[in-house]
Novice: 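Before anything else, here's the structure in question.
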Amino acid sequence: MKKTSEDKKDHKEKSLGLCYVDSLLNLELPDEGGRKLTEQEIVGLCSEFLDAGTDTISTALQWIMANLVKYQEIQSKLFDEIRTLNSDEIQEEDLKKLPYLKAVILEGLRRHPPGHFVLPHAVTQDVGLDGYEVPKEATVNIMIAEIGWDPKIWEDPMVFKHERFLNDDDGSLNEDLSDVTGNKEVKMIPFGAGRRMCPASALAMLHLEYIVANLIKEFKWSAKVGDDIDFPEKQAFTVVMKNPLWAHVSTREHQD
Ligand code: HEM
């Protein structure tokens, strides 16, 4: 760890900035006499970051791509939208010009949230909430998936209908529905809500939009011959596709 720290010091001069481990190595805890993090704490934080940040994204990506493989008409419309950008490689700033893409990603997260629950929470003292007693230290959880599938809020909740996030008149994004923070109203909260909400929700949305846009721009995705693409789930670290996606991938330049 020490050697890495010194190596990083040299590297810092030549690089763009500090990486996550550099920040952890430099951190001092003001409430604990300014002590540094222990090696065990740093390893714990890195592992939390990697687990929370890779499995969730890859699971969400697989569900979204599976829907685009199954529903070719959605994939074609998405490709048409991406084509309007007329750019060689989609950049971060292009993404806000792609409401159809955002609607597909949101519907993917509503219909197939990678986590069906938040992390277990607890209160530090007995609390009365809306007529319910929540005892100190009892485990409290929230059913993320069920909220996004509530038929009182979502029409045909188990159907992949990305258009629900678009305004009928001009195809722009319905801003109220697409707020997933739960700050205005809790309709779907794939990242949880409140103080312990996923700290990387904006980064995750950016990654999903960026990756899906570039995958669809470069390649046409279709089902393996004889594969129907179905959507049963399996609980792993996240809720994954029981039958993982196998797709036939071909470059766009040979066909469009
Ligand atoms: C589609 C992608 C993602 C989804 C659906 C997701 C969802 C969630 C959910 C539901 C929680 C629990 C919130 C709660 O307990 O109230 C959470 C926590 C967390 N997520 Fe994400 N996440 C995603 C991507 C990421 C990424 C990319 C990172 C890091 C780079 C990350 C880092 C974390 C961390 C560190 C926590 C724990 C926060 C805490 O305990 O206060 N997540 N995430």
Side-chain angles (χ1 to χ4, degrees), residues 17-24 27 29 31 37 40-68 92 95 98 101-124 127 129 134 137-150 154 160 162 165 177-215 231 233-241 244-245:
L18 293 178
C19 74
Y20 184 56
V21 179
D22 288 321
S23 312
L24 296 178
L27 209 66
L29 303 178
D31 293 347
L37 291 174
Q40 205 181 1
E41 284 167 333
I42 293 181
V43 170
L45 284 163
C46 289
S47 124
E48 184 184 65
F49 190 75
L50 289 173
D51 289 345
T54 48
D55 202 80
T56 45
I57 294 275
S58 66
T59 300
L61 194 58
Q62 188 171 167
W63 282 114
I64 292 165
M65 293 308 294
N67 277 281
L68 291 173
E92 188 178 333
L95 297 173
L98 302 175
L101 168 72
K102 179 101 184 236
V104 168
I105 305 292
L106 286 168
E107 182 67 345
L109 289 172
R110 183 197 67 79
R111 180 60 190 85
H112 308 285
H116 283 204
F117 294 91
V118 292
L119 299 169
H121 291 237
V123 284
T124 51
V127 177
L129 182 69
V134 185
E137 286 174 13
T139 301
V140 179
N141 214 310
I142 297 171
M143 297 157 85
I144 290 184
E146 297 294 331
I147 291 175
W149 300 341
D150 185 347
W154 305 97
F160 193 93
H162 58 296
F165 292 100
L177 267 192
S178 47
D179 169 51
V180 291
T181 62
N183 286 345
K184 291 188 200 158
E185 213 179 340
V186 173
K187 286 189 167 156
M188 64 178 270
I189 47 166
F191 299 103
R195 271 199 303 196
R196 297 303 293 269
M197 178 186 170
C198 177
S201 61
L203 177 74
M205 286 301 291
L206 169 67
H207 280 179
L208 289 174
E209 288 173 41
Y210 182 81
I211 296 170
V212 171
N214 279 295
L215 288 180
F231 297 112
E233 298 163 343
K234 191 174 89 176
Q235 177 68 57
F237 177 64
T238 48
V239 178
V240 298
M241 291 184 73
L245 173 67

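Start at 1 and go down the list; that is how both ligands and their atoms are numbered.
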Novice: Verify, without hydrogens or angle tests, whether Asp22 (side chain) and Cys19 (backbone) share a donor-acceptor contact under 3.5 angstrom.
Specialist: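 Yes; judged by distance alone, with no hydrogens or angles, the pair exists.
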Novice: Is there a donor-acceptor pair under 3.5 Å between the side chain of Trp63 and the backbone N or O of Val239?
Specialist: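 A pair under 3.5 Å: yes.
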Novice: Measure Ala52 to ligand 1 on non-hydrogen atoms and call it side chain, backbone, both or neither using the 4.0 Å cut-off.
Specialist: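 Contact part for Ala52 vs ligand 1: both backbone and side chain.
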Novice: What's the shortest distance from atom 23 (C) of ligand 1 to any protein heavy atom, and which residue and atom give it?
Specialist: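 The closest heavy atom on the protein side is Thr56 OG1, 3.5 Å.
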Novice: Hey, is Pro190 one of the residues with a heavy atom under 4.0 angstrom from ligand 1?
Specialist: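 True for this residue.
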Novice: Is there a donor-acceptor pair under 3.5 Å between the side chain of Gln62 and the backbone N or O of Leu245?
Specialist: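 At least one qualifying donor-acceptor pair exists.
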Novice: Would you mind running through ligand 1 and noting each atom that sits below 4.0 Å from a heavy atom of Ala204?
Specialist: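 What qualifies from ligand 1 is 2 (C), 24 (C).
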Novice: Record the part of Ile144 in heavy-atom contact with ligand 1 below 4.0 Å; permitted values are side chain, backbone, both and neither.
Specialist: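 Side chain only.
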Novice: So, taking the atom named NZ in Lys102 and the one named CG in Leu208, what distance separates them when rounded to the nearest 0.5 Å?
Specialist: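 The distance works out to 11.0 Å.
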Novice: Quick one: CD on Glu209 to CG on Leu98, what's the gap to the nearest 0.5 Å?
Specialist: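 So the CD of Glu209 and the CG of Leu98 are separated by 8.0 Å.
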Novice: May I ask you to decide if Pro114's main-chain N or O and His116's side chain share a donor-acceptor pair within less than 3.5 Å?
Specialist: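 Flag not set: sc His116 to bb Pro114 has no pair under 3.5 Å.
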Novice: Enumerate the atoms of ligand 1 whose separation from the nearest heavy atom of Leu119 is less than 4.0 angstrom.
Specialist: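 With Leu119 as reference, the close atoms of ligand 1 come out as 12 (C), 14 (C), 15 (O), 37 (C), 40 (O).
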Novice: Nearest protein heavy atom to atom 41 (O) of ligand 1, by residue and atom, and its distance?
Specialist: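 Checked against all protein heavy atoms, atom 41 (O) of ligand 1 sits closest to Arg196 NE, 2.7 Å.
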Novice: Against heavy atoms of Pro114, which atoms of ligand 1 measure under 4.0 Å?
Specialist: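 Heavy-atom distances to Pro114 below 4.0 Å select 5 (C).
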Novice: Please state which protein non-hydrogen atom is closest to atom 16 (O) of ligand 1 and give its distance, to 0.1 Å?
Specialist: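 The protein heavy atom lying closest is His121 NE2, 3.0 Å.
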Novice: List the closest protein heavy-atom neighbour of atom 6 (C) of ligand 1: residue, atom name, distance to the nearest 0.1 Å.
Specialist: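 Looking at atom 6 (C) of ligand 1, the protein heavy atom closest to it is Phe191 CD2, 3.6 Å.
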Novice: Is the closest heavy-atom distance from Pro199 to ligand 1 below 4.0 Å?
Specialist: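 The answer is yes, since Pro199 has a heavy atom less than 4.0 Å from ligand 1.
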Novice: Measure the distances from the heavy atoms of Arg195 to every atom of ligand 1 and state whether one is below 4.0 angstrom.
Specialist: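 Flag not set, Arg195 not near ligand 1.
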Novice: In the protein, what heavy atom is nearest to atom 18 (C) of ligand 1, and what distance, to one decimal place, separates them?
Specialist: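 Nearest protein contact, heavy atoms only, for atom 18 (C) of ligand 1 is Cys198 CA, 3.8 Å.
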Novice: Should Leu95 and Leu101 count as side-chain neighbours, where that means a heavy-atom distance under 4.5 Å?
Specialist: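 With C-beta onward as the side chain, the pair touches.
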Novice: Go through Met65 and Leu215 one step at a time and tell me if the side-chain contact (heavy atoms from CB on, under 4.5 Å) criterion holds.
Specialist: CA-CA 9 Å; Met65 293 308 294; Leu215 288 180; 4.2 Å; yes
Novice: So is Glu48 polar-close to ligand 1, meaning N/O to N/O under 3.5 Å?
Specialist: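 No.
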Novice: Please step through side-chain contact (heavy atoms from CB on, under 4.5 Å) for the pair Leu61 and Ile211, ending with a clear verdict.
Specialist: CA-CA 8 Å; Leu61 194 58; Ile211 296 170; 3.8 Å; yes
Novice: Side-chain donor-acceptor pair under 3.5 Å between Asn67 and His162, yes or no?
Specialist: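 Side-chain D/A pair, Asn67 to His162: absent.
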Novice: So which protein heavy atom does atom 28 (C) of ligand 1 come closest to, and at what separation?
Specialist: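 Its nearest protein heavy-atom neighbour is Ala200 CB, 3.3 Å.
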Novice: Any idea which part of His207 is under 4.0 Å from ligand 1, heavy-atom wise: side chain, backbone, both or neither?
Specialist: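 For His207, no heavy atom sits under 4.0 Å from ligand 1.
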